[in-house]
Amino acid sequence: MNNIFDKIREQIISVTKEAFLACEKKGTLPKIELPDMAVEVPRERGFGDFSTNVAMQVSKQAKLPPRKTAEALYPEFNFEGTYIEKIEIAGPGFINFYLKRDWLYDALQLIQQKREKYGEVDVGKGVKVNVEFVSANPTGPLHMGNARGGALGDCIASVLKKAGYDVTREFYINDAGNQIERFGMSLEARYLQHFMGEDKVEFPEDGYHGEDIIEHVKSYIDQYGDILLSKTSEERQQALVDYALPINIQRIRETLSSYGIEYDVWFSEKSLHDSGAVKETIDFLKENGYTVEKDGAIWLNGEKLGLDKDEVLVRNNGVPTYMAADIAYHRNKFITRGFDWAIDLWGADHHGHVGRMKAAMKPFGIDSDKLHVVLFQLVRLYRNGEIARMSKRTGKAISLGDLLEEVGRDAARFIFNMKTSGSHLDFDLDLAVKQSNENPVFYVQYAHARICSILRKLAEEGVVPPSVDQVDLTLLKENEEIELMRKLAEYPEEITLSAKTLEPSRLTRYVMEVASSFHSFYNACRVRGEEEKLMMARLILVDSTRIVIKNVLELISISAPEKM
RNA sequence: GUGCCAGUAGCUCAGCCGGAUAGAGCAACGGACUUCUAAUCCGUGGGUCGGGUGUUCGAAUCAUCUCUGGCACGCCA
């Protein structure tokens with residue numbers, strides 16, 4: 001058993017079903033087709049530990065008002081062998097379940113038994129999932145969109161792993177196509193400007209204006225001098241790209257690594273062109289009538305795929321588009337490599353591409369539901385209450401590297417994971433570095449450090465957490481203790497929900513709640529100096545809290561300091 | 001013009017497959033350190049859930065209209 005909530009849900013559903021059957025037998029209710037029963041934790045403590053609205057859902061079938069339906073069920077409940085202590089009918093027809101405290105003590109046992117594995121569930125059942133994120137153009141440094149996508153994608157991958165999926169983290173390197181061409185033209189222009197003067201060489205209008213381009217050229221010249229002046233433009237660009245691209249990719253890799261992200265696969269777009277996979281993909285579409293030709297270009301047939309318009313796959317100069325490569329790439333994910341599920345993280349500005357990509361999977365017999373695109377809204381940086389603009393082109397952009405230097409990995413990852421992907425994110429740079437209660441990162445880390453301090457003090461006195469079997473957990477009955485245990489018991493459920501919604505932000509909020517419950521406990525109860533049996537029980541509680549906080553922080557790749 | 005995302009407390013946001021008196025953090029105000037870390041805790045105030053209409057026993061949640069902000073509609077990615 002991994003999740004106490006599952007067990008309780010099963011018990012509640014089971015006793016409720018039996019109550020319905022008993023009513024049917026007695027004739028107090030007609031035969032009822034039960035819907036999927038929702039068992040939820042009610043908002044208010046006064047409404048019990050769990051509740052269900054099933055009586056209201058079936059009131060039409062029961063031919064009784066919601067409340068009367070619940071009342072008919074009431075006498076037929078049998079709680080034997082369950083955690084349930086009593087039930088109440090409340091409000092318009094809710095059935096509220098009050099549980100014996102055993103479930104909380106069992107939760108502590110589970111935590112102590114599973115330790116760092118506590119929270120693992122198996123909703124994924126080993127399904128092979130590919131999570132592709134960041135996938136930035138290697139033409140310059142990573143920006144804030146990449147930063148958010150990185151934190152989100154990495155956490156989604158971690159959550160899915162915890163939830164029992166077989167996860168591959170992947171970075172798609174856009175090392176082919178138009179962007180690279182512009183990269184080469186920009187490098188060439190800077191190179192020529194260096195020798196011939198800035199006014200003599202025109203910089204391409206849609207080139208990359210960043211300082212990093214100039215730096216690449218400078219260090220190239222330091223090593224190789226003017227040898228490219230005598231070459232053709234094509235050779236020159238090629239040489240400069242061959243020089244600068246690997247450097248950029250390496251930097252991206254290093255920045256992401258210091259951001260706490262390690263990929264399983266770095267997938268090159270160029271390799272799809274070189275291997276002929278792109279051509280094969282286009283040929284397949286052509287042969288099966290999914291393309292049309294017009295104006296000398298090959299288009300994806302939008303009408304046939306249910307899209308509003310056609311999409312260019314091969315330009316009239318014979319060069320395939322990004323779209324063509326992307327179709328080949330996803331075909332590779334599903335067919336060549338056999339992933340059951342692919343999750344792509346894209347900035348919201350790419351949302352127009354979602355429908356097209358999904359539709360383009362159909363000709364290959366791939367269920368478009370297997371591709372799930374998570375769109376995240378873009379980021380606005382604030383400093384001194386003003387927007388700090390970011391643009392890859394100005395050269396003054398704040399890169400992910402700059403951000404990590406300024407606020408650190410913990411704050412960056414925490415803040416990027418506080419909000420749901422769909423909401424716009426305002427990142428307050430001043431707040432992120434503030435070492436105060438305004439900064440939520442410290443709040444959670446502080447809870448962890450406080451616990452470690454208790455454990456350290458006790459260890460110095462020769463007291464270490466005992467085996468949970470040797471402790472009388474029923475001594476834990478203060479409100480603050482109950483609340484804390486309740487929070488800890490929720491963790492596997494939080495993992496399940498985060499995986500289902502692909503919203504790891506709920507874990508960030510969850511760990512703040514755990515910290516909050518702990519701090520309240522800390523102020524109300526003592527561990528050290530209490531009578532030994534109580535001290536041991538609280539030691540288990542505190543240690544379990546430490547385990548949960550550490551597990552969550554580790555999952556979102558944030559440090560859990562033992563001292564602060 | 002069409003489409004996507006967002007609009008909930010002063011600020012930043014949860015809640016959104018319909019359910020009980022709409023929540024949290026920060027900010028504001030008032031309290032708590034001779035005791036395991038006060039980077040903490042306890043308490044108080046704060047809302048026409050952008051607006052209208054509809055569906056329903058019941059709407060922040062669904063439908064529809066409308067307003068505001070962001071984004072996308074390219075032989076860019």
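Here is how names work: the chains are called A, B, and so on, in the same order as the sequence lines, proteins then strands, and each is numbered from 1. All values below come from the heavy atoms of this structure, side chains included, with hydrogens, waters and symmetry mates left out.
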- Query: Taking it one step at a time, do A:Tyr329 and A:Glu170 satisfy side chain to side chain donor-acceptor pair (under 3.5 Å)?
  - Reply: CA-CA 12 Å; A:Tyr329 177 42; A:Glu170 185 154 319; 2.6 Å; yes
- Message: One pair to check against side-chain contact (heavy atoms from CB on, under 4.5 Å): A:Arg331 and A:Met361. What are the steps and the verdict?
- Response: CA-CA 7 Å; A:Arg331 187 182 169 216; A:Met361 294 293 95; 5.5 Å; no
- Message: With side-chain contact (heavy atoms from CB on, under 4.5 Å) as the criterion, how do A:His519 and A:Tyr443 come out once you've worked through the C-alpha distance, each side chain's angles and the decisive distance to 0.1 Å?
- Response: CA-CA 9 Å; A:His519 285 310; A:Tyr443 184 80; 3.5 Å; yes
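Between A:Tyr98 and A:Glu88, the side chains place a donor N or O and an acceptor N or O closer than 3.5 Å (distance only, hydrogens not considered).
B:A24 atom C1' lies 13 Å from atom NZ of A:Lys419, rounded to whole Å. At whole-Å resolution of the value, CZ in A:Phe50 and P in B:A20 are 18 Å apart. The distance from atom CG of A:Leu378 to atom C1' of B:C5 is 10 Å, rounded to the nearest whole Å.
Spacing of P atoms, B:U37 relative to B:G18, comes out at 49 Å, to the nearest Å. Nucleotides B:G23 and B:U61, compared at atom C1', are 15 Å apart to the nearest Å. Using C1' as the reference atom, B:U68 and B:U8 are 15 Å apart when rounded to the nearest Å. B:C49 sits 15 Å from B:A24 when the C1' atoms are compared, rounded to a whole Å. Comparing B:G31 with B:G47, their P atoms sit 24 Å apart, to the nearest whole Å. Across the C1' atoms, B:U55 and B:G19 are found 16 Å apart, a figure rounded to whole Å.
A:Arg413 places no side-chain N or O within donor-acceptor distance of the main-chain N or O of A:Gly150, the cut-off being under 3.5 Å.
Each of B:G70, B:A14, B:C36 was ranked by its minimum atom distance to the side chain of A:Ser423; first place goes to B:A14. Side-chain atoms of A:Arg43 lie closest to B:U21 of the nucleotides B:G70, B:U37, B:U21. Listed nucleotides: B:G15, B:U37, B:A22. Nearest to the side chain of A:Ala449: B:U37.
In this structure A:Phe171 satisfies the ring pair (Phe, Tyr, Trp, His ring centres under 6.0 Å) test together with A:Tyr263, A:Trp266, sequence neighbours excluded.
At least one cation-pi condition fails for A:Arg380 and A:Phe427: the charged atom is not both under 6.0 angstrom from the six-membered ring centre and inside a 45 degree cone around its axis. Geometrically, A:Arg9 does not engage A:Phe50 in a cation-pi contact defined by less than 6.0 Å to the ring centre and at most 45° from the axis.
Using a 4.0 Å heavy-atom criterion, one finds that A:Cys452 contacts no nucleic acid atom at all. Note on A:Asp310: nothing from the nucleic acid sits closer than 4.0 angstrom, heavy atoms only. Within 4.0 Å (heavy atoms only), A:Arg509 reaches sugar-phosphate atoms of the nucleic acid but no base atom.
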- Query: Which parts of nucleotides 39-46 of chain B does protein reach within less than 4.0 Å, heavy atoms only, written one letter per nucleotide 5' to 3' as B for base, S for sugar-phosphate only and - for none?
  - Reply: BBSS----
- Message: Counting primed atoms plus P, OP1 and OP2 as sugar-phosphate and everything else as base, spell out the protein contacts along nucleotides 72-77 of chain B at 4.0 Å heavy-atom distance: B, S or - for each nucleotide, 5' to 3'.
- Response: SSSBSB
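Map A:Leu375 and A:His424 each onto its nearest nucleotide of RNA chain B; the residue landing nearer the 5' end is A:Leu375. Both A:Pro440 and A:Ala90 sit near RNA chain B, but only A:Ala90 has its closest nucleotide nearer the 5' end.
Stacking annotation: A:Phe94 is not stacked on the base of B:G19 (requires ring centroids less than 5.5 angstrom apart and an interplanar angle below 30 degrees).
Figure legend. B:G3 is base-paired to B:C71; pairs are counted as Watson-Crick or G-U wobble with both atom distances under 3.5 Å. When both distances must be under 3.5 Å, the Watson-Crick or G-U wobble mate of B:G47 does not exist.
Partner of A:Glu503 under the side chain to side chain contact (heavy atoms under 4.5 Å, CB included) criterion, chosen from A:Ser498, A:Ser421, A:Cys155: A:Ser421.
Between B:A20 and A:Ser51, no contact under 4.0 Å exists linking OP1 or OP2 to a side-chain N or O.
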